[in-house]
Visitor: 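Below are the structure tokens for one structure; questions will follow.
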Protein chains: 2
Amino acid sequence: MRRQTKQREAVLKAIAGSSSHPTADMIYDEVRKAIPEISKGTVYRNLRVLQEMGQVLELTLDGHVSRYEAKQDSHYHFRCESCGRVSDLDIPVDEDMNRRVSAITGLKVARHQLEFCGICDECQTASKKNKGG
Amino acid sequence: MRRQTKQREAVLKAIAGSSSHPTADMIYDEVRKAIPEISKGTVYRNLRVLQEMGQVLELTLDGHVSRYEAKQDSHYHFRCESCGRVSDLDIPVDEDMNRRVSAITGLKVARHQLEFCGICDECQTASKKNKGG
DNA sequence: TTAGGTGCAAAACCTTTGCCATCCC
DNA sequence: GGGATGGCAAAGGTTTTGCACCTAA
């Protein structure tokens, strides 16, 4: 049976309270503010458990480090190719696309993930500054 | 200046000659058939160089291990959630989507990646067999 | 000739795991 | 009380890197 612990709560809170799709390391840093003695192993274990519980989603699109977000309605992401930040996009999800692709390919498509890439506003501004423009 | 070496050639050939989006390890195994003394470091270095040269693409969608494919026209992927295999999909790429998303979000979208997930035919067959059905 | 490339091995990095103490139910 | 959980540290897997030697151009 699953128990409720302050460590687990804190990990979930760190994710839910962030809009930046934090990495395990960022979550670890955040949680340590409240529970300084927490270990990284515990963070990773709880990330796994919270995924199993369906409360957290792991994102690995185009990055070598996993990022996490609190479970919510399906949506798409934008990743900045300069700073690596990931943000949620407020555009409609094409829920019918899985069915259409199934029809075309014959594969049983259960879900899809869509990630847009480019340079975020902040990085574009920073880049202009550096160029003196 | 970039040199042409048999190691680099062999790495590219291993990727181009495979339809399975091999991992670095799979490429290493394949290349060793021709060049037994090649080292993993060389494989990784060449994977990086070939990406810089624009001849190879790294795929990291929803997986913790990078997979590689020879550069070709933009296309979408299907990943089997059971065996992890990645295959190319023969469906049209929505090239206009970046522009539409830019218009909606105000972000400068340069590209997008779309991955469909499910269980491939082989794994479905295997699963039926195991259940005695 | 010589800068780029290779092989090897160690290091770096992210994540998982074994062990035992601890804590929730 | 007992099993789930935590802390610690070591191990695991993938990728990178330092160094001395080699080789394509």
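Heavy atoms only: backbone and side chains are in, while hydrogens, waters and symmetry mates are out.
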Visitor: Over how many whole Å does the gap from A:Leu50 atom CG to D:dT5 atom P extend?
Guide: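 Taking CG of A:Leu50 and P of D:dT5, I get 11 Å after rounding.
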Visitor: Does C:dC14 have OP1 or OP2 under 4.0 Å away from a side-chain N or O of A:Ser66?
Guide: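 For C:dC14, OP1/OP2 do not have a side-chain N/O of A:Ser66 under 4.0 Å.
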Visitor: Within this structure, what is the CZ-to-P distance between B:Arg3 and D:dA24, rounded to whole angstrom?
Guide: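 In whole Å, D:dA24 P lies 8 Å from B:Arg3 CZ.
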Visitor: How close or far is atom C1' of D:dA4 from atom CZ of A:Arg8, stated in whole angstroms?
Guide: 8 Å
Visitor: In whole angstroms, how far is the C1' atom of D:dT5 from the CD atom of A:Gln4?
Guide: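 Computing the A:Gln4:CD to D:dT5:C1' distance gives 13 Å.
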Visitor: Can you name the nearest heavy-atom pair linking B:His21 to B:Ser18, along with the distance?
Guide: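 Between these two residues, the closest heavy atoms are N-OG, 4.1 Å.
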Visitor: Using ring centroids (six-membered ring only for Trp), state whether B:Tyr76 and B:His112 fall under 6.0 Å.
Guide: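 They qualify: ring centres under 6.0 Å apart.
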Visitor: OP1 or OP2 of C:dG4 less than 4.0 angstrom from a side-chain nitrogen or oxygen of B:Arg2, does that happen here?
Guide: no
Visitor: Any side-chain N or O of B:Thr5 less than 4.0 Å from the OP1 or OP2 oxygen of C:dT6?
Guide: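 For B:Thr5, the contact criterion (side-chain N or O under 4.0 Å from OP1 or OP2 of C:dT6) is met.
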Visitor: For C:dG7, does either OP1 or OP2 sit under 4.0 Å from a side-chain N or O belonging to B:Thr42?
Guide: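 B:Thr42 to C:dG7 OP1/OP2: side-chain N or O found under 4.0 Å.
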Visitor: Calculate the interatomic distance between B:Lys6 atom NZ and C:dT6 atom P; express it in whole Å.
Guide: 10 Å
Visitor: Go through it in stages, so that I can follow the logic: the residues are A:Asn46 and A:Tyr44, the test is side-chain contact (heavy atoms from CB on, under 4.5 Å), and I'd like the CA-CA distance, side-chain angles, deciding distance and then a yes or no.
Guide: CA-CA 5 Å; A:Asn46 278 315; A:Tyr44 276 106; over 6 Å; no
Visitor: Just the rounded figure in Å: distance from P of D:dC21 to CD of B:Glu37.
Guide: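 Answer to the nearest Å: 18 Å.
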Visitor: Quick one: closest heavy-atom pair of B:Glu69 and B:Asp88, and the distance?
Guide: OE1-OD1, 3.6 Å
Visitor: Between D:dT23 and B:Gln7, is there an OP1 or OP2 to side-chain N/O distance shorter than 4.0 Å?
Guide: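 No.
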Visitor: A:Ile38 has a side chain; which of D:dG7, C:dG7, D:dA25 sits nearest to it?
Guide: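 Comparing D:dG7, C:dG7, D:dA25 against the side chain of A:Ile38, the answer is D:dG7.
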Visitor: Can you list, by residue number, the residues of residues 22-35 of chain B that have a non-hydrogen atom closer than 4.0 angstrom to DNA chain C?
Guide: none
Visitor: Within the pair B:Arg45 and C:dG5, is there a side-chain N or O less than 4.0 Å away from OP1 or OP2?
Guide: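 No, because none of the side-chain N or O atoms of B:Arg45 sits under 4.0 Å from OP1 or OP2 of C:dG5.
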Visitor: For the side chain of B:Ser39, starting at C-beta, report the closest nucleotide among D:dC8, C:dT15, C:dG7.
Guide: C:dG7
Visitor: Report the residue (A:Asn46 or A:Gly41) whose heavy-atom-nearest nucleotide on DNA chain D is the more 5′ of the two.
Guide: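 On the 5' side of the pair lies A:Asn46.
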Visitor: State whether B:Tyr44 places a side-chain N or O below 4.0 Å from either non-bridging phosphate oxygen (OP1 or OP2) of D:dT16.
Guide: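 So the side-chain polar atoms of B:Tyr44 never come under 4.0 Å of the phosphate oxygens OP1 or OP2 of D:dT16.
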Visitor: With a 3.5 Å distance limit and no angle check, can you tell me whether B:Arg48 reaches the backbone of B:Val43 through a side-chain donor-acceptor pair?
Guide: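 Side chain of B:Arg48 to backbone of B:Val43: no pair is present.
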Visitor: Could you go through the salt bridge (charged side-chain N to carboxylate O under 4.0 Å, His left out) check for B:Arg100 and B:Asp94 one step at a time?
Guide: CA-CA 10 Å; B:Arg100 295 201 308 276; B:Asp94 187 349; 2.9 Å; yes
Visitor: In whole Å, what is the span from the CG atom of B:Leu47 to the P atom of C:dG5?
Guide: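 Atom CG in B:Leu47 sits about 14 Å away from atom P in C:dG5.
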Visitor: Got a donor-acceptor contact below 3.5 angstrom from the B:His77 side chain to the B:His75 backbone?
Guide: no
Visitor: Rounded to whole Å, please give me the gap between CG in B:Leu59 and C1' in D:dT15.
Guide: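 It is 17 Å, rounded to the nearest whole Å.
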Visitor: Looking only at side chains, do A:Gln7 and A:Thr42 share a donor and an acceptor under 3.5 Å apart?
Guide: no
Visitor: Looking at B:Arg48, does any N or O in its side chain come under 4.0 Å of the phosphate oxygens OP1/OP2 on D:dT17?
Guide: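 The answer is yes; a side-chain N or O of B:Arg48 sits under 4.0 Å from OP1 or OP2.
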